[in-house]
Engineer: 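This is the structure, below, for whatever I ask next.
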Amino acid sequence: MLRRPKPTDSEADLLREQEQFLVSGAPSAANVVRRPDKRRGEAGGEAGDQNRGSEGDQRDVVTIEDLPDQLPSLTPAPPKKSRFKGSRVTFEDDDAEERLDRHDIHISAVLSRIVERDTSSTPVNLPAFTGMAFPKVLHRSETGNQVPLSLNGGKKSIFARQIAAQRIKEGKTPLHCEPEAAQTAETVLLPNTHVLTLFSGPRLISGQGLAGPNSSGETTRIHRENQAKLQAMSESEIIEEQKKLLSQLDSRLVEFVRSRKAQSVLSSASSSKQPEVVLTIYLFEFAPLNSEEDLPVKPQKEWVHMDKLEPEKLEWMRDLPAPRRKGTKKAMQARFDFAGNLIPPTEDLPTHLGLHHHGEEPERAGYSLQELFLLSRSQVIQQRSLALSTLANILTKARAGEYLSVLKGSVMSTLLDAGLLFLLRFALDDSVEGVMSAAVHALKALLVCEEEEECLDCTFSWFRGLSTFPLLPSAQEEEDEEDEGLDESMKETAKEKEERKSDHEVARQDVVKGLLKMKLLPRLRYMLEVIRPSPRVVQDVLDVLTRIARHSSSSATQVLDCPRLMETVMCNFLPTSWSAPSLPQPHTVHGLPLASAMKLLRVLAASGRHACARLLNSLGVSERLSCLLSAEPRELLLDQTQALRITTEAYRLWTVAAAYGQACKLFIDLYPALVKTLQSVHQALAPSDPLLPLQLHRILALLSLLTQVTHTAGCHQELQAGMASSQGEDCPPPPPVSWSHVTGLQTSLLGHLKSFVKSLDNSLQKQSMEALQELEHLTSEVLLPLISHSAVQGLIKNIKSSSVVCNVQSSHLGPDSIPSLPGLACPGWRDRPGLVVPSSPFPLLSGLGLLLKTIMGIHKGLICKVWYILYMDGLDYSRWIITGQATPTLSHTRAWLLRHEHLVLYLLLELVPIDPEVAKHASLYHQVALVLLPWLLPGSEYLAHELLSTIIFSKDFISEGHSGGPEAIELEELKLHEETQHHPFPSLQTVGTILREACIQLPSIRGCFLTHLAHLESSVLVSRDAFLGRNPWINSHLLPELTGPTLPSDWPFLPLVSLYERMGVSDGGGLAVEELPPGALPAVTHCLQWLLLLEIWREDALKVIPPVAKLARLSCMFLCSSDLFLERPVQNLIWGLPSKLDSLDLNIPPPGLASFQDLYSALLAQYEAVSFGDRLFGCWVLLPLQRRYSTAMRLAVFGEHVGMLRSLGVTLEQLGIPMERFTSPPEDSLPLLRLYFRSLVTGTLKHCWCPVLYVVALSHINSFIFSQDAAAQMDLFLLRHHLLCSFMNDEHYLFLFF
C-alpha cells in the first residue's frame, strides 16, 4: 500500500514515492481533462482526447469524479416547454434537416400562385376638377362634424373622428363599429353635448344579491320603470335631478359609474349580436367642481387637449386675490424682496416684479427664508445667484438692526440654525463664477460690517487705538463626562477636543472657527489666483480675510500660513510697479495696489510681533511701503481717492510695525518725505472738498506713526544699557532710531498747533480736533488758549451725551448680534451721539490728558492753571458717574469704546491737584475711583494698579479721616446709647475709634490688597509697557480675551475669599484647618477695616455688591479657621457691620454660589464644631432665621442641627435685630411647627439655653393654636391628634395654656 506524503518529507523522499506510484500502476485520484472550446468548433469525447497530446499550448483542466459540469441553480426553475411541440408528430429516425426543408416554402412557390384580376369590364372615371385640395384638408375648427369619444371606441385622433363622422353622415358603418351595432343605434349629434344611451337591460345592476327565483325579472322591471320616468321628464328636469345626485354622491362613486357605463357601451357595441332598442337623451355636461364660467381662462375650440378640464392646473392662471391681513394675532411669515426689504403683508405689489413665484401664500409678494434656501440649491443658475444675493441683502440689513422692531426673533440666528454657513460654503464650490460671487458677497454680509471697520479706523489714531480686543465668542465651559475621574495627564487637551468636534458643533459655537475648519482659506485663495473675479468680489474676499484675522491671533496665523494666499495678495494687489488704469472703474483690479489689501496686512501685523516681522522681511512689505510713501499721492498712477486711501493704510501699517520697534530703519530712509508731508499739513482744504476727510485721516495716521517712532526712540538708551549689562541674557536689541532722530519734529509740530489755535477764530472745524490727541510736547502757553477757547469748551460740553457710561440704559436698539459671531454694534453711529462722532470730546480729552500728565511730571505748578479751566466740567462729569451707578454690560459691543472712556476717567483722576479748593470735592473723586476700578477691562491692569497705589487708599481723598469723621461717628453712638440706656458690649471699642485706627492703617491696608493681587503682576507689566510706550517689549497689539473685568466687583472681600480658598478642603460642609498661615490675622483685620470704612463713608461705592454677596463673603471668616473669629480685632470690626446687613434678600442666589442654603449648612456645622457658644457667631447664625427668609434654613436648625440649640445663647439685647422680624407673620409651615412643638415638649429648646429661638418657637406655636382661620383649625386638629397624644404624660405640655 502506498504511503501518503508527509510535510516532513524531503525532496528526495517525494521523488522516490513518485517513482513507486508510477511503477505500481495505481489509478490517480484526479485526471487532467481539457474541455473542448465550442466557440472554436472543437468536439469533445475521443476526438478531444486525441488532440490533447498534440496541442501542448492548451490549458489543462483538473476534474474530480462525481463533480457536475455546471453549477446547480440557486433557485431551480421549471423546465421550459414548447407550445407547438405537442401538436407535431416526429419519428426518431427523421433527419432534422430534411424535416426543415419539407416544411419550408420557397418564395418562388408563393409568387407562382399570384393571378391577375380581369379589369377589362371596369369603367375608368377621371376625377372632377375642383378648387379644393386633394385629399380634402380637415381643419380643427370643424369639431361639430366629429364623432364623440363615447361612440368612437375609445381615444381617437381628431382626423379619425372626422372620418368616422363623415362615414356616418354618408350612411356607412364606422370603421371601428360592428354593422349590427351601427344599425341598432340612432345617433343625433349636437354641439357641446354628450350622449346618454339607454339600453333594454340594466348595465350597473345585475341582481345577483337578490334572493328568490325571479331576481333577474325584478331588475328588469326596475330598469323599465327608470326608463319610463326618464322619457316622461323634460331636459331641464333631467339636468336638475342630475345636479342633485352629483351634489349628494361621492365624486369617486360618480367616476366609477361613468367608467362602468362607458365599458358597457363599448362591450355591447362590439359583442352583442341581438338588436337592442336604444333611446338617446342629450344632456349637457355638468362639472361637479367648476363650470366654464368659473374657469380662469375660457377654453377655445382650436386648443389641443382642452376637451378635458383640469381645474387644479388652471388655478395657476387665475388672477391673484388682493393681499389682506389675516384676522389673527399670530405672527405671520416674513417675506422679503430682492433688496432685502421686509414687505408688509397688506402691500399689493405688481406681479411683474417677480415676487410672486412661490407656492405658499401666492397672493403675498416676496420670498420667505425657507423659499430662498430652496432656490439657492436650484439647478437653474440664475435662481441660485438671485437667492444668494437676496440672502446677502437680508444679512446686511439684519446686522444693521433694521428688523428688530418688526420681526420676532433674530434673523441671523434663524439663518445660522438653518445651516446658512454650510449653504454658503457649498455655494463657494460651485463651478459657476456668478454663483461663487454671490456666495462671497453673502459671506461678507454675514461676517463683515463696514460701519464697524469705519469706527475702528476712526479710533486708530487715538491713544492705544491700534490695540483691539479679539472678536472671540464668550467662553462657554462644557462639562465632559468622559474626563471625569481621570488624571490630569490622561485628560484631553482643548486642542484635542476641538479636533474631535464636527464642523457643525464648531460652527455653532464659533462661526469663524467653523469656516476655518471647512477649509475656507484655500478656496478663497483659489478664487483670487485662478478665477480672478471682478473688483467687487476681490474687495469682498479681502474684507472677509480681514475679519478672520481680527478673530484671534491663531486665526491670523492660519491666514499667514495658508499656502500661496499671502503671495497671491502681495503679487496681485500690492505690486511694486503698475500701469495707470484706462478707466475710472477698471474691469479688473489684478495688478493694481488696493487699500483693502494693505489693511489686511495691518490687521495681521497687529496680531503679533512675529507676524509683523514675517510680513516685513519675508513678504516684502518694506519695499511696498517705500514705493507708496516715497512719493506724493498725486504722483501715484492711481485715482486720487484710491491713492489717499492706500497711503493712509500704509502709514497705519507702518505705525503698527513701529509700535513693536520694527521698521525704524525705514523711518531714517524716508525721513525727508515724512518731513515734507508734515510741512504740507498747514495747506488748508475747502470744507466742501470731498477729499478733506481722507486728507485728515492721512495726517492722523502720519502723526500716529511719528508718536510710535518717538516712543521707540525713547527706549534706545535703556535698551543699549541693557545690552551692555545683560551678559548673555535675553534682551531686545536697541532700535536703529534714537532721540536725536526725532527731536527735530518738535518745532514743526509746535508750529502746526499754534496755527491751529489761531485758525479756530476763523473756522470751527471740529474734525481737526481729533488730531490734537498726539500733541505731547507742547508748552503751557499753547494749552491755555486752546482749552479756554469757546470751540473747545463747546466740545467739552458734549461729554455727557457722548459718554457710554452715562448712557448705559439708552433706548437705542442695538444690531442683530449672535453669541457665535460677536460684533461692535456700530451701525448708525453717525446718526446718534457717541464716543466716535465728530462732536465727541473724548479724542481731545484723552490726548490732552496724556499731555498734561506728562507736563505735571515735569512742572506740577502748571497743572493748576489748566485744571481750573476744566474744573466745573470735570465736577459735573464725576457727579454723573456716581449718580448713574449703572454698570455697563461686558460685551464686545461696548468694551471697545469703554476702554477709551476709562482712560479719560483715569487721567481726570490723576490730574486732580492737591489744592484746598479741590479738596472740598475729594470724596467725590474718591467715589469715582472706587466705581471705575471694577469697570476696568483686560489690558488695563496697569491703570488698576495705579489707582490702588495712588488714589484708592490715599488719605488725601478720604477727607473724612482727618476732618472729624470718626468723632462724628462717636457722637452718634453716644447719642444712641443715651436713648436706649444700654449697650450690648461695653467692653468693645466704638466704631469711631475703629475708623480712626483704620485711617491710620491705610498704607498697610493698601499693601495687603496689593499683595493679594500679586497674581496679576505679569498682566500689569504687559499693560505698563503698552501704556508707557515701551514698544520693544510689546509682543502683540491684540488685547487679552474679553472674559471679564480686571478686578471683580467684590474686590474689597478679596483677602477673606483668598484665605478661605487656601485653608483646607471642604469636608461634610465644614473646613478642616490645621494652622493659619503667617500674616492671616493682619490680612483679615485690614480687610475688615477697609470694609467698615467703605460701609460707613463710601456706601454708594458698594451698591454694586448685593447684600447677600456681602454676607456670603464675610461668612468665609468663620469657615476658614476654628478660632479666627474669636480674635478681639475681628470681634470689634464684625460687630460694626451687621447693622448694614439688615436688608438682606436670601431668596436670590449670591454671585459665585449655587444657593445660600449650602453655605448656611456649612455655617451650622462649623458652629456646632468650634463656636463654643460665641455670641458673634451666634448672631451670624441667627441672622438668616428671620421670618421673611426661606423655611428651609429654619428646618435645618430644628431638624439636622438641633443640638446647637443648647449653645446658642444670644440674648434678645445682644441680637440687635427686632424680634418682630422673627415672629411676624405667624408660621404656616406644618413640618416646622411640629419641630417647634417637639423641641419645646422634649426640653431640647429652653429659655436659658437659647432665648431667641425659644421666644420664636413659643410665639409661632401659640399663634397657630389660637388662630381663628378655618383651615388652621383643621390643621390644628391634625397636629393635636398626631403629637399631643404622644406627649400627654409629659409635664411640659402645660405650657400651651400659659
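Residue numbers start at 1 and run along the sequence shown.
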Engineer: Any side-chain heavy atom of R899 within less than 4.5 Å of one from S467?
Structural biologist: yes

Engineer: Is it the case that over 12 heavy atoms from other parts of the model lie below 6.0 angstrom from the CD atom of E1017?
Structural biologist: no

Engineer: Regarding T655 and Q708, do their side chains bring together a donor and an acceptor under 3.5 Å, going by distance alone?
Structural biologist: no

Engineer: Working to the nearest 0.5 angstrom, can you tell me the gap between L674 CG and L706 CG?
Structural biologist: 6.5 Å

Engineer: Is any side-chain heavy atom of I646 closer than 4.5 Å to one of L594?
Structural biologist: no

Engineer: Could you check whether D669 pairs with K665 (Lys NZ or Arg NE/NH1/NH2 to Asp/Glu carboxylate O, under 4.0 Å)?
Structural biologist: yes

Engineer: Could you tell me how the ring of F463 sits relative to the ring of F1027: parallel (under 30°), tilted (30 to 60°) or perpendicular (over 60°)?
Structural biologist: tilted

Engineer: Between R550 and E453, does any NZ, NE, NH1 or NH2 come within less than 4.0 Å of an OD or OE carboxylate oxygen?
Structural biologist: yes

Engineer: Are D457 and R645 close enough for a salt bridge, meaning some N to O gap below 4.0 Å?
Structural biologist: no

Engineer: With a sphere of 6.0 Å drawn around CD of E450, does it hold more than 12 non-hydrogen atoms of other residues, nucleotides or ligands?
Structural biologist: no

Engineer: Measure the spacing between CH2 of W578 and CG of N572 and express it to the nearest 0.5 Å.
Structural biologist: 14.5 Å

Engineer: When rounded to the nearest 0.5 angstrom, what distance separates CG in L1016 from CD in E941?
Structural biologist: 6.5 Å

Engineer: When you measure from the side chain of S630 to the backbone of S626, do you find a donor-acceptor pair of N or O atoms at a distance under 3.5 Å?
Structural biologist: yes

Engineer: Output yes when E567 and R564 qualify as a salt bridge under the 4.0 Å nitrogen-oxygen rule, no when they do not.
Structural biologist: no

Engineer: If you count the non-hydrogen atoms of other residues, nucleotides and ligands that lie under 6.0 Å from CD in Q717, is the total more than 12?
Structural biologist: no

Engineer: What is the ring orientation for W654 with Y651, classed by angle as parallel under 30°, tilted 30 to 60°, or perpendicular over 60°?
Structural biologist: parallel

Engineer: Quick one: does R652's side chain have a donor or acceptor within less than 3.5 Å of a partner on K599's backbone?
Structural biologist: no

Engineer: How long is the span from the CG atom in L844 to the CD1 atom in I796, to the nearest 0.5 Å?
Structural biologist: 6.0 Å

Engineer: What's the spacing between C571 SG and H590 NE2 if we round to 0.5 Å?
Structural biologist: 11.0 Å

Engineer: Given P938, which partner from the list P1045, P1040, S1023 fulfils the side chain to side chain contact (heavy atoms under 4.5 Å, CB included) test?
Structural biologist: P1040

